[in-house]
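Please read the structure below before turning to the comments.
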Amino acid sequence: RLQHCDKEWSQVMQQDLNKDQKFDYQVFYKKQTIRKKILDTNFDGKPDSIEQFDEKGKLTKSFEDSDLDGVMDLTWFYDEQEIAVMAENE
């Protein structure tokens, strides 16, 4: 499902991967450029992964709930080639 937004995001794509009426995959755009992705891999209604992109659509940072307890506990940082260069535990 693609939705046009008026405020922070120009477009949001949302998918319900397991057909439970909750969005498990969301992609957010500003001016047709990807800026954020949210993924719920275990379908508990809480994000397990959040990726952030710069104004050019390059991946810069991601947050991960590595033990699936509902808390983002790992942060990844990426270089210009979108390769993970550093991780921090929260």
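Hydrogens, waters and symmetry mates are skipped; everything else that's a heavy atom, side chains included, is used. The model shown is predicted, which means the values in this text are computed figures rather than measured ones.
The main-chain N or O of Asn42 is found under 3.5 Å from a side-chain atom of Asp48 such that the two form a donor-acceptor pair. Side chain of Arg35 to main chain of Gln52: no donor-acceptor pair is present (N/O by atom type, distance under 3.5 Å, no hydrogens or angles). A donor-acceptor pair under 3.5 Å links the side-chain atoms of Ser10 to the main chain of Tyr29, judged by distance alone.
Here the side chains of Leu39 and Lys37 are not in contact, with every heavy-atom distance at 4.5 Å or above. A heavy-atom distance below 4.5 Å is found between the side chains of Lys30 and Trp9. Side-chain contact check for Gln81 versus Lys58: every heavy-atom pair is 4.5 Å or farther apart. You'll find the side chain of Phe53 reaches within 4.5 Å of the side chain of Leu59, heavy atoms only. Between Thr41 and Leu68 there is a side-chain heavy-atom pair separated by less than 4.5 Å. Residues Met72 and Ile50 have side chains in contact (heavy-atom distance under 4.5 Å, counting atoms from C-beta outward). Leu17 is listed as a side-chain neighbour of Phe43, based on a closest heavy-atom distance under 4.5 Å.
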Next item on the list: Carefully, step by step, assess Asp16 and Asp24 under the rule side chain to side chain contact (heavy atoms under 4.5 Å, CB included).
Entry: CA-CA 5 Å; Asp16 177 7; Asp24 309 304; 3.2 Å; yes
Notebook entry, point to check: Does the side chain to side chain contact (heavy atoms under 4.5 Å, CB included) test come out yes or no for Ile38 and Phe28, once each step is laid out?
Noted result: CA-CA 9 Å; Ile38 300 175; Phe28 299 83; 3.6 Å; yes
Next item on the list: Please report the C-alpha distance between Glu51 and Trp76 in whole Å, then the side-chain angles of each, then the deciding distance to 0.1 Å, and finally whether the side chain to side chain contact (heavy atoms under 4.5 Å, CB included) criterion is met.
Entry: CA-CA 9 Å; Glu51 296 179 342; Trp76 291 92; over 6 Å; no
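Atoms CZ and OG, from Phe77 and Ser62 in turn, are 9.0 Å apart once rounded to the nearest 0.5 Å. For the atom pair Glu80 CD and Lys56 NZ, the distance stands at 7.0 Å (nearest 0.5 Å). The line from CD of Gln15 to CZ of Phe23 is 10.0 Å long, rounded to the nearest 0.5 Å. Put simply, CE on Met86 and NZ on Lys61 are 9.0 Å apart, with the number rounded to the nearest 0.5 Å. Note: Gln26 CD to Asp40 CG = 9.5 Å, rounded to the nearest 0.5 Å. If you take CD on Glu88 and CD on Glu90, they are separated by 6.5 Å, rounding to the nearest 0.5 Å.
Applying the 6.0 Å contact sphere to CD of Glu55 captures more than 12 heavy atoms from other residues, nucleotides or ligands.
Across every non-hydrogen atom of Gly57 and Thr33, the tightest pair is N-CG2, 3.4 Å. Nearest heavy-atom pair, Asp44 versus Lys46, reported as atom, atom and distance to 0.1 Å: OD1-N, 2.9 Å. What you find for Asp65 and Val71 is that their closest heavy atoms are OD1-O, 3.0 Å.
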